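Ligands are counted one by one from 1 in listed order, and the atoms in each one are counted from 1 as well. Scope of the values below: all heavy atoms of this structure, side chains included, with no hydrogens, waters or symmetry mates. The structure presented is a predicted model; accordingly, all values stated were derived computationally and were not measured.
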Amino acid sequence: MKNFVYNGQPSRVVFGAGSLQYLGREIEALGANKALVLSTPEQRASAEMIADLLGSRAAGVFDRAVMHVPIETAREAREIARKLGADCAVAIGGGSTTGLGKAIALDSGLPILAIPTTYAGSEMTPIYGITEAGIKKTGKDARVLPRTVIYDPELSLSLPVGMSITSGINAIAHAAEGLYAVDGNPIMDLMAKEGMAALGRALPAIKKVANDMTARSDALYGAWLCGTVLGNVGMALHHKLCHTLGGSFNLPHAETHTIVLPHALAYNAAAAPEAMLAIAGALNAKSAAQAVFGLAKDNGAPVALRDIGMKESDLDKACDIAMQNQYPNPRPLERAAIRQLLQDAFEGARPGS
Ligand SMILES: NC(=O)c1ccc[n+]([C@@H]2O[C@H](COP(=O)([O-])OP(=O)(O)OC[C@H]3O[C@@H](n4cnc5c(N)ncnc54)[C@H](O)[C@@H]3O)[C@@H](O)[C@H]2O)c1
Ligand SMILES: O=C(O)CCC(=O)CC(=O)O
């Protein structure tokens with residue numbers, strides 16, 4: 001018998017190859033006149049292309065977005081937005097750039113138009129993260145949810161294949177944990193299954209042919225759905241472990257998600273059997289944990305924390321941090337089992353089913 005609360009979150013999505021052509025129309029619909037364009041240094045050329053498209057509606061380009069939004073960068077961007085008189089922010093890039101837009105919006109209420117070029121899903125969430133004095137704090141605020149999102153798969157063609165696979169599995173992690181969320185609901189379950197299935201099809205196809213437009217479109221569609229799940233229901237052990245490993249040990253975001261997810265699913269398997277069946281079904285496999293491990297390994301993604309910069313001597317500390325301020329999880333957190341999970345992820349062991 002169903003028993004749930006569902007809260008719709010207002011955001012407008014424009015999806016499709018070539019949909020960047022609607023940028024002007026969408027800025028106008030926001031009632032904005034001066035957009036500050038945000039990007040990482042690596043995507044400066046994309047930001048300039050956006051500024052050119054905006055013409056007189058571009059206030060300027062700020063290209064210093066970096067992972068985990070250092071407070072100093074957030075302050076600098078807020079000040080530039082204020083000096084330029086920007087009345088909206090256009091974020092082109094992945095979660096780091098959207099995150100910078102969110103840090104500006106949190107302070108000023110400036111509306112964000114996001115143009116995602118990875119599959120991280122931040123554009124669909126009211127979640128922000130800011131790093132101060134080496135500690136990453138996350139929170140939720142309706143002001144940071146982008147008002148408009150333009151998903152144009154053509155802009156994801158340049159995402160390197162390796163990053164596409166890990167970013168896609170980052171998206172799958174949102175959907176997988178959404179299926180056993182304490183505050184889950186049937187709408188998010190549908191989105192989670194459809195999103196995972198789209199990514200499960202798309203990632204091997206992208207590995208084969210990086211510019212397969214159908215696969216790129218499927219992947220971005222999956223990212224939208226999985227990101228929506230992240231924005232609507234609470235995450236569990238897997239996200240807690242990744243926040244610990246990323247925030248305290250500076251491990252790269254999407255790769256960490258890719259490595260940890262099969263082990264977190266194996267840990268939760270017996271406590272969340274229906275979710276596991278749904279995940280396995282969406283990925284066309286018998287075991288959820290094995291399916292995700294295979295998706296990573298067969299497509300050349302890293303499967304061991306030791307290969308992305310984790311030190312074995314830090315595993316005890318990581319375990320201690322992960323045991324603090326626990327997120328709700330289907331199986332209670334048992335220290336010895338979590339420590340073993342981290343060891344398995346460190347070594348890249350095949351997870352149990
Ligand atoms: N708040 C949320 O809801 C949420 C959700 C997911 C991730 N995040 C945050 O987002 C960050 C990670 O985001 P990410 O994994 O998207 O990585 P990212 O935004 O850091 O991007 C990684 C690199 O890829 C480049 N890149 C992005 N798209 C590209 C493209 N199409 N072509 C070529 N290069 C491209 C970027 O410029 C950057 O150099 C983390 O800080 C994470 O915590 C937040
Ligand atoms: O860094 C943030 O903004 C929060 C990240 C988050 O909750 C989603 C994730 O870990 O992929």
Restricting to heavy atoms, the pick from Pro252, Ser158, Gly246 nearest atom 33 (C) of ligand 1 would be Ser158
In terms of its nearest heavy atom to atom 12 (C) of ligand 1, the top option of His253, Arg216, Met124 is His253
### Message
Set out, in order, the CA-CA distance, both residues' side-chain angles and the distance that settles ring pair (Phe, Tyr, Trp, His ring centres under 6.0 Å) for His238 and His263, then state yes or no.
### Response
CA-CA 8 Å; His238 167 76; His263 301 282; over 10 Å; no
message = Tell me whether His68 reaches ligand 2 (any heavy atom closer than 4.0 angstrom to a ligand atom).
response = no
Any heavy atom of Thr138 under 4.0 Å from ligand 1? The part involved is neither
Short version for Thr125: what comes under 4.0 Å of ligand 1, heavy atoms counted, is side chain
Which residue owns the protein heavy atom closest to [atom], what's the atom, and how far is it?
{"atom": "atom 2 (C) of ligand 2", "value": "Lys136 NZ, 3.7 Å"}
{"atom": "atom 39 (O) of ligand 1", "value": "Glu42 OE1, 3.1 Å"}
{"atom": "atom 20 (O) of ligand 1", "value": "Ser96 OG, 2.5 Å"}

- State the atoms of ligand 2, each with its element, that fall below the 4.0 Å cut-off from a heavy-atom position in Tyr128.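 By the 4.0 Å cutoff, the relevant atoms are 3 (O).
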| request: Run the numbers for me: atoms of ligand 2, each under 4.0 Å from some heavy atom of His253, listed by number. | output: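 Matching atoms, with element in brackets: 9 (C), 10 (O), 11 (O).
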(Q) Against the six-membered ring of Phe293, is Arg350 placed for a cation-pi contact (under 6.0 Å from the centre, within 45° of the normal)? (A)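 No; the conditions do not both hold, so Arg350 does not lie above the ring face of Phe293.
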From the list Ile92, Asp152, Leu159, side-chain contact (heavy atoms from CB on, under 4.5 Å) partner of Thr117 resolves to Ile92
Practice item. Could you say whether the N/O atoms of Leu230 and ligand 1 ever approach to under 3.5 Å? Key: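 So ligand 1 has no N or O lying under 3.5 Å from an N or O of Leu230.
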**Prompt:** When only distance counts, is Met163 in polar contact with ligand 1, meaning an N/O pair under 3.5 Å?
**Reply:** no
List the atom pairs, donor and acceptor, that lie under 3.5 Å between side-chain atoms in residues 274-281 and the rest of the protein, sequence neighbours left out.
none

- More than 12 heavy atoms from other groups under 6.0 Å of OH on Tyr327: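 For Tyr327, atom OH is crowded (more than 12 foreign heavy atoms under 6.0 Å).
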Check: Backbone or side chain, does any N or O of His243 fall under 3.5 Å from an N or O of ligand 2?
Finding: yes
